[in-house]
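Accompanying notes for the structure given below.
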Amino acid sequence: TVRDLSVAEVGAVLDQAADVKKNPGAYRKALDGKTLAMIFQKPSLRTRVTFEAGMTQLGGHAIYMSPSEVGLGVRESVADVARNLERWVDGIMARVFAHKLVEDLAAHARVPVINGLSDDFHPVQALSDMQTIKETAGTFKGIKLAYVGDGNNMTHSLLEAGARTGVSVSAATPAGYEPRADIVAWAAEAGRQTGCVVDVSHDIARAVKGAHFIYT
């Protein structure tokens, strides 16, 4: 999750990403000889292509594994998959249904595990969205992001990313589709450190009022 990174770590990730984007030639061998295993329970266009292209552009290699190839938690236990992969690759990216699967992979693997999406969180998307906000606005200070839609994995990760960057997040969801209360409470509390103001309602007009960015 985004909250696994401190305020300073989120800043460092986004600064590094900005530099890679500005000076791609300087990073062509940054991951030379490194291999990323990509586990997909859910099909994907953007996650598959961007992770694989990113590894290639940085000099590394990505291995795509379909649901039928892995059978995560079915054909083989999560612990066994993690303990095998850690012997062969330098990192694991998993795009799964249950968030616990990512947590279990991380608990049993001695290599880094990246959440490429779970039912509860989508941290890499939220981080890239924060990078876009920074590129466009030039700052996080005083910025308001409005989210309109159901309270899903993106809502959760944007709330966490807002709390870590200082971007205020105002979410409007349909009744019965609110984001998880514990995540809203965490973001509101953590956001006090960075200046992020969290607001969740069913009122679209309230959410978008004064927003610099609208996400739907």
Side-chain angles (χ1 to χ4, degrees), residues 1-10 12-14 16-17 31 33-56 58 60-130 150-164 177-187 189-190:
T1 64
V2 177
R3 77 169 80 173
D4 288 331
L5 302 175
S6 68
V7 171
E9 287 170 334
V10 168
V13 167
L14 296 179
Q16 183 84 75
L31 296 180
K34 302 294 184 182
T35 301
L36 177 72
M38 304 192 303
I39 299 173
F40 282 82
Q41 279 192 327
K42 292 184 177 183
S44 168
L45 169 66
R46 283 162 289 275
T47 304
R48 162 82 191 270
V49 175
T50 54
F51 267 96
E52 191 160 341
M55 286 298 294
T56 300
L58 294 172
H61 180 69
I63 300 173
Y64 169 79
M65 293 182 291
S66 68
S68 60
E69 290 174 306
V70 182
L72 193 63
V74 180
R75 194 170 66 82
E76 292 194 52
S77 72
V78 177
D80 283 346
V81 171
R83 289 167 182 154
N84 277 279
L85 287 178
E86 71 176 13
R87 290 165 167 78
W88 307 321
V89 302
D90 303 286
I92 300 168
M93 185 279 287
R95 182 179 172 90
V96 299
F97 290 97
H99 185 70
K100 190 175 185 301
L101 289 178
V102 182
E103 294 179 329
D104 288 347
L105 280 170
H108 293 286
R110 291 176 294 182
V111 295
V113 174
I114 301 168
N115 178 5
L117 177 140
S118 69
D119 283 349
D120 290 326
F121 299 98
H122 199 359
V124 291
Q125 177 66 56
L127 288 170
S128 66
D129 292 331
M130 290 298 151
D150 54 333
N152 57 17
N153 49 10
M154 275 312 309
T155 325
H156 296 156
S157 287
L158 287 171
L159 284 164
E160 292 192 347
R164 286 298 193 232
Y177 292 88
E178 298 83 2
R180 273 173 36 190
D182 61 308
I183 296 172
V184 174
W186 179 89
E189 177 63 29

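Of the residues listed (Arg180, Lys42, Lys100, Arg95), the one engaging Asp119 in a salt bridge (Lys or Arg N to Asp or Glu O under 4.0 Å) is Lys42, and it is the only one.
Listed by chain and number, the residues in a ring-ring contact (aromatic ring centres under 6.0 Å, His included) with His99 are Phe121 (sequence neighbours excluded). Partners of Thr56 by side chain to side chain donor-acceptor pair (under 3.5 Å), not counting sequence neighbours: none found. Not a single ring-ring contact (aromatic ring centres under 6.0 Å, His included) links Phe51 to another residue, sequence neighbours left out.
A pairwise comparison of heavy atoms in Arg164 and Leu5 identifies NE-O, 2.6 Å as the closest pair. Residue Leu127 comes nearest to Leu14 through the heavy atom pair O-CD2, 3.4 Å, listed as atom of the first residue, atom of the second, then distance. In terms of heavy-atom proximity, Ser157 sits nearest to Val2 at O-CG2, 4.0 Å.
Between the OG atom of Ser66 and the CD1 atom of Ile39 there is a distance of 11.0 Å, given to the nearest 0.5 Å. With rounding to the nearest 0.5 angstrom, the CD1 atom of Ile183 is 8.5 Å from the OG1 atom of Thr1. In this structure, NE2 on His122 lies 4.5 Å from CG on Leu117, to the nearest 0.5 angstrom. Atom-to-atom distance recorded for Asn115:CG and Glu103:CD is 9.0 Å, nearest 0.5 angstrom.
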Fill in: Steps toward side chain to side chain contact (heavy atoms under 4.5 Å, CB included) verdict (Asp90, Val111)
CA-CA 6 Å; Asp90 303 286; Val111 295; 5.7 Å; no

